[in-house]
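Worth saying up front: this structure is predicted, and the values here are computed from it rather than measured. Values below: all heavy atoms of this structure, side chains included; hydrogens, waters and symmetry mates excluded. Letters A, B, ... mirror the listed sequences (proteins, then strands); counts begin at 1.
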2 protein chains.
Amino acid sequence: MTSTMDSPLVDAMLHPVRGHMAFESCVEQLGSAIQLGIFRPGSKLPNERELAERLNVSRATLREAISALRAAGFVSTTRGRGGGTIVEQLAGEWPGEAHPSHDRQAEIEDIVVFRSVIEPGAAYRAAKTALGPEQRALLTECLADLGKANSPADYRQADARLHLAIASVCGSDELSKACSLVQAKVHQFLAEIPFLQANIANSDEQHYTIVHAILEGDAERARFVMHEHCDATAALLKGLLK
Amino acid sequence: MTSTMDSPLVDAMLHPVRGHMAFESCVEQLGSAIQLGIFRPGSKLPNERELAERLNVSRATLREAISALRAAGFVSTTRGRGGGTIVEQLAGEWPGEAHPSHDRQAEIEDIVVFRSVIEPGAAYRAAKTALGPEQRALLTECLADLGKANSPADYRQADARLHLAIASVCGSDELSKACSLVQAKVHQFLAEIPFLQANIANSDEQHYTIVHAILEGDAERARFVMHEHCDATAALLKGLLK
DNA sequence: GGTTAAAAGTCTAAAGTCAGGCCATTGACT
DNA sequence: AGTCAATGGCCTGACTTTAGACTTTTAACC
């Protein structure tokens, strides 16, 4: 007999605490940001003190994380004035933990469902929001970047940036956070399956439609197309991964 | 000159790490679960070893958290076989940190936006999902609880449980987690404003419509009504709080 | 060329957290 | 009544993280 009748709501409410893994969490966040192209190769990361404050982590811990990224070849560091940590042209693969494939299935299902809620909702919300000129510029710029991409890796990064941009213009940190998580995971999975040129044309059209629907305030359309867009990726992931 | 041009996407991507607060995080989660009525007064919490494992926290840390809750009068503990930590009939107020009111404004705006994405999306998704008999029962039961509530506090708890139930039947842990966060925050804010009897009739009808739309698979309707439902709360919060 | 400022690198003491084992208590079962 | 098992209570040693001061390096600036 368990001590409490295990209501499903208890399961829904209690979540693992990201305990003392400040270090790992930093590695994940910075690693994701680099892989998603939020930090571009050649650009400089914020300095250690600033970054540490942003991540709400002590400088010592942040330095550990940077050390790990340096060891993995993601960044390199120079000292002295004008120095800092710069992002390397990444060719290397993520020294990922190679999860056993059976909880992958569940993780994919989880993230795919979550995404189908977050991203269409964000697109809808973004379209309903009165956007400032900078936000509109951000969206069109991300869309343009997507056209300029000339490699699968570039394309996927630009894609992630656009999706994140859409969430970020809604003005909710929690929403941005959720979208970051989604994009990081989706990117990670997508990186393991072959890149299909055939999908691009369709994707491009959807991206174009979504951004313009948002800019014109057509929330229903933005949501609808984003939903289709996410479904396409979901089918890809569920079909090609096992 | 900052070291990196601070792209808005960097802001969207980097989030404070909940590093050094395993203890606080436990208190928050358990405290929220109790206040939302996920753990009912008089019922027993899972035993320490089990709870610690669920929260991914050492028993020592969990015990600290329980200690804090006991000190605040939320629970009481007895030892020996058949013992455990039971939830008290809570009359006391949360010894909340009384945030300075100016970032409250921002926090409310944030959570209200996030909610308007999460909950309508969850309702839509739930309606699209093939629900098992237990899940259907959970929803109707939560709806019935709402009718049985005979105090504002009861009502708000039943409301939170219903919303959480809707998210949980979608089968995504991340979605449940997001909804927990939303409900905890909304509950916290709602507890500070007067309870308006006039709103209940409208709310009740919306709840009824949403649940039945979900059970019948009418996703569009579930989403639409949930959206209205959230907007009503949002207006309440933004109007009555400052 | 010398000065300076901005950055990474280093050190330390204190606090938090963990893993796991052992003890103490007490109701449940025989 | 006696035994047992489940539960909270407690302890120790190792590791992580923190906060902040201090050092070193090096390019930018005059």
Closer than 4.0 angstrom, basic N to acidic O: yes or no for B:Lys148 and B:Asp145? yes
Between D:dT17 (P) and A:Met21 (CE): distance, integer Å: 9 Å
Nearest of D:dG8, D:dT17, C:dA8 to any side-chain atom of B:Glu48? D:dG8
Distance, rounded to the nearest Å, where B:Leu55 contributes CG and C:dT17 contributes C1': 14 Å
Rounded off to whole Å, could you give me the CG-to-C1' distance for the A:Asn47 and C:dA5 pair? 13 Å
Looking at A:Arg161, is its backbone amide N or carbonyl O close enough to the side chain of A:Gln183 to form a donor-acceptor pair, meaning the two atoms are under 3.5 Å apart? no
Would you classify A:Gly82 as touching base, sugar-phosphate or nothing, given that sugar-phosphate means primed atoms plus P, OP1 and OP2, and contacts are heavy atoms under 4.0 Å? nothing
Atom NZ of B:Lys44 and atom P of C:dG27 are separated, to the nearest Å, by 11 Å
Let's see if you can work this out: which of D:dT18, C:dG9, C:dT17 has an atom nearest to the side-chain heavy atoms of A:Thr61? D:dT18
Measure from the side-chain heavy atoms of A:Arg49 and tell me the nearest of D:dT18, C:dC18, D:dC22. D:dC22
Closest heavy-atom pair, B:Ser168 versus A:Leu9, reported as atoms and distance to 0.1 Å, is OG-CD2, 4.2 Å
Residue B:Thr77, side-chain atoms from C-beta onward, closest of D:dG9, D:dT17, C:dT17: D:dG9
Which comes earlier along DNA chain C counting from the 5' end, the contact point of A:Arg81 or that of A:Ala60, where each point is its nearest nucleotide? A:Arg81
How about B:His163 and B:His207: are their ring centres within less than 6.0 Å of each other? yes
Can you see if the side chain of A:Arg59 gets near the phosphate of D:dT18 - specifically, an N or O under 4.0 Å from OP1 or OP2? no
Mind calculating the distance between CG (B:Asn56) and C1' (D:dT16) to the nearest angstrom? 15 Å
Examine distances only and state if a side-chain atom of A:Asp110 and a backbone atom of B:Asp173 form a donor-acceptor pair shorter than 3.5 Å. yes
Between atom CD in B:Glu24 and atom C1' in C:dA15, what is the gap in whole Å? 14 Å
Over how many whole Å does the gap from B:Arg63 atom CZ to D:dC11 atom P extend? 10 Å
Closest to the 5' end of DNA chain D, once A:Leu62 and A:Arg79 are matched to their nearest nucleotides, is A:Leu62
From CD1 of B:Ile66 across to P of D:dC10 the rounded distance in Å is 13 Å
